[in-house]
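The next block holds one structure in the form of structure tokens; read it before the comments.
Only heavy atoms go into these numbers, but all of them, side chains included; no hydrogens, no water, no symmetry mates.
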Amino acid sequence: MGKYKSDFLQTLEERGFIHQISNPEKLDALCAAGPISAYIGYDATATSLHIGNLITVTMLHWMQETGHKPITLMGGGTSLVGDPSFKDEQRKLLGHEEIATNIAGIKKIFSRILKFGDGKTDALMVNNADWLLGLKYVDFLRDVGRHFSVNRMLSFDSVRLRLDREQSLSFLEFNYMIMQGYDFVELSQRHDCVLQMGGSDQWGNIINGVDLSHRMKGKQLFALTTPLLTTSSGQKMGKTENGAVWLNEELFSPYDFWQYFRNTEDADVNRFLKIFTRLPLSEIKKISNADINDAKKILATAATAVVHGQAAADQAQATAAATFEQGALDLSLPTVEISKTELNSGIGLLSAIVKAGLAASNGEARRHIKSGAARVNDIQITDERATISEGDQLPEGVIKLSLGKKRHVLLRAK
């Protein structure tokens, strides 16, 4: 017998998604009684979501799979302010055009993971700019702001940690919590939404919405958060040497995405199979008890298929096999174009490594070269003054640039 009666909460529990729930017994009974609507909010601060967002989007997937209606809320209004939660300083303020561009990029990921439409359990995408941008400030303060206690808002970890460090928290950012709480009330009225989900760092903001609904409308709403994932060694999930693991292929290729999961620490494989793949738990148990390297390959392919599709996942796996297991040159490796003029005159190895995205700076590239990690066409290079020229091109018309055994990029002249 499971901990929960509803398929939705039981699925989240079994796969490791639940951190906190407000009033879990009532929410469980509501989910078991019939379809509910729930939402997660995403501010449009970049043109892509990242792997941390994949955890919450996956919760919406399982919600839809178990017969409920997911809502993706785009923060067209809140992105103009910026969420101050656990940030050391105020976010860069974005304009309307930049936010619109970011939302367009983010939509691509949702459409791959959720089914949108007009059906009872089809996903719905809404934008809080629809109600936030038309608010009259004084009316908003009277109708909504009066329900918020500044004393209580100052007690939230996301705010208190910022103030404890004596770092400024602007009045603009302070209003973010009120706006997010109001979003929940609006979605409850417009779409009968009863549940907001998010990462554990959003608990205070979500509870604000639950309390606001009770005070303004006398309606019971619910909160559910998922753990903020770290690896078994304590590293924050989703960071690489060169930045975030993005979900859009223009920013982070399917091959690099596959490699990211292939390099999962042994102790995390079972947990990540449950969170990042659609594989049944019975199958995951068998995989986790098998060879750990085989399990990592299955994890990498299944997780890549979720975000980029099965064809891209299979191609990434085939590329990795050709490159690492067979020692062949696979032309589907990530490719960076450089000008023929630059190649003819010779490009410094340091610059080439940075241009290829294998290091963030010349200093970082220099450290890799000194440690013996750099290779050109599989030949180790230890001289930081080395250059790459047209004479280094392979018969296929590319130059293979590598750092270590698992990071490879092809340079192609144009």
Side-chain angles (χ1 to χ4, degrees), residues 9 12 17-27 38-45 50 52-53 55-57 59-60 71-75 77-91 128 131-132 140-141 143-188 193-230 236-237:
L9 292 185
L12 291 192
F17 284 99
I18 295 178
H19 179 68
Q20 283 178 286
I21 303 179
S22 67
N23 211 328
E25 294 80 11
K26 280 192 176 181
L27 177 60
Y39 88 98
I40 297 174
Y42 299 91
D43 276 341
T45 54
H50 54 73
N53 302 127
I55 301 168
T56 58
V57 180
M59 287 199 293
L60 293 176
I71 299 173
T72 58
L73 175 67
M74 300 310 302
T78 44
S79 295
L80 291 166
V81 175
D83 183 0
S85 297
F86 298 99
K87 298 292 183 291
D88 290 339
E89 58 186 22
Q90 183 173 330
R91 291 182 185 270
N128 63 17
W131 54 83
L132 290 178
F140 184 68
L141 289 180
D143 297 339
V144 179
R146 66 189 178 91
H147 295 292
F148 284 81
S149 164
V150 172
N151 303 61
R152 184 165 180 271
M153 293 164 78
L154 289 172
S155 72
F156 292 150
D157 286 345
S158 58
V159 174
R160 184 171 49 79
L161 291 174
R162 181 96 160 256
L163 297 179
D164 286 348
R165 296 172 186 156
E166 296 185 355
Q167 292 162 334
S168 174
L169 182 73
S170 73
F171 179 71
L172 182 68
E173 293 174 287
F174 204 66
N175 276 268
Y176 184 94
M177 288 180 276
I178 301 176
M179 295 166 70
Q180 184 173 335
Y182 184 66
D183 282 345
F184 203 172
V185 173
E186 279 285 340
L187 287 170
S188 172
C193 181
V194 298
L195 171 65
Q196 183 184 355
M197 301 186 290
S200 60
D201 60 338
Q202 291 296 315
W203 179 255
N205 287 340
I206 297 174
I207 289 298
N208 269 337
V210 172
D211 292 344
L212 182 62
S213 173
H214 181 72
R215 289 171 179 165
M216 289 184 68
K217 307 295 180 182
K219 184 175 181 180
Q220 172 73 67
L221 301 181
F222 301 89
L224 187 157
T225 58
T226 189
L228 292 182
L229 274 191
T230 57
K236 186 176 181 180
M237 179 75 185

Over all atoms of both residues, closest heavy-atom pair of Ser200 and His19
CB-CD2, 3.4 Å
Thr226 (side chain) donor-acceptor with Phe17 (main chain) under 3.5 angstrom
yes
One pair to check against side-chain contact (heavy atoms from CB on, under 4.5 Å): Leu229 and Ile55. What are the steps and the verdict?
CA-CA 9 Å; Leu229 274 191; Ile55 301 168; 3.6 Å; yes
Looking at OH of Tyr182 and CG of Leu132, how far apart are the two atoms once the value is rounded to the nearest 0.5 Å?
8.0 Å
Separation between CG (Asn23) and CG (Leu221), nearest 0.5 Å, reads 11.5 Å
Looking just at side-chain N and O atoms, do Asp183 and Gln180 make a donor-acceptor pair shorter than 3.5 Å?
no
Taking all non-hydrogen atoms of both residues into account, name the closest pair between Met179 and Gly77 and its distance.
CE-O, 4.0 Å
Grab the two heavy atoms, one from Leu9 and one from Ile18, that are nearest each other, plus how far apart they are.
O-CD1, 3.7 Å
Residues Cys193 and Ile71: closest non-hydrogen pair is CB-CD1, 4.2 Å
CG of Asn205 to CE of Met177: how many Å apart, nearest 0.5 Å?
6.5 Å
Heavy-atom pair of closest approach, residues Ser22 and Ile207:
CB-CD1, 4.2 Å
Taking atom OG1 of Thr45 and atom NE2 of His50, what is their separation to the nearest 0.5 Å?
7.0 Å
What verdict does the side-chain contact (heavy atoms from CB on, under 4.5 Å) test give for Phe222 and Lys26, after you've listed the backbone C-alpha separation in whole Å, the side-chain angles of each residue and the deciding distance to 0.1 Å?
CA-CA 9 Å; Phe222 301 89; Lys26 280 192 176 181; 3.8 Å; yes
Are Leu60 and Tyr39 side-chain neighbours, meaning at least one heavy-atom pair lies under 4.5 Å?
no
Straight-line distance of Leu224 CG to Met59 CE, nearest 0.5 Å:
6.0 Å
Could you check if a side-chain atom of Leu195 sits within less than 4.5 angstrom of a side-chain atom of Leu27, using non-hydrogen atoms only?
yes
Which pair of heavy atoms, one from Phe184 and one from Gln196, lies closest together, and at what distance?
CZ-N, 3.3 Å
Show me the side-chain donor-acceptor pairs of residues 208-216 shorter than 3.5 Å, one per line, residues at least two apart or across chains.
residue, atom, partner, partner atom, Å
Asn208, OD1, Arg152, NH1, 3.3
Asp211, OD2, Arg152, NH1, 3.4
Asp211, OD2, Arg152, NH2, 3.2
Ser213, OG, Lys219, O, 3.1
Arg215, NH1, His147, O, 2.5

For the atom pair OH (Tyr42) and OG1 (Thr72), what is the distance rounded to the nearest 0.5 Å?
7.5 Å
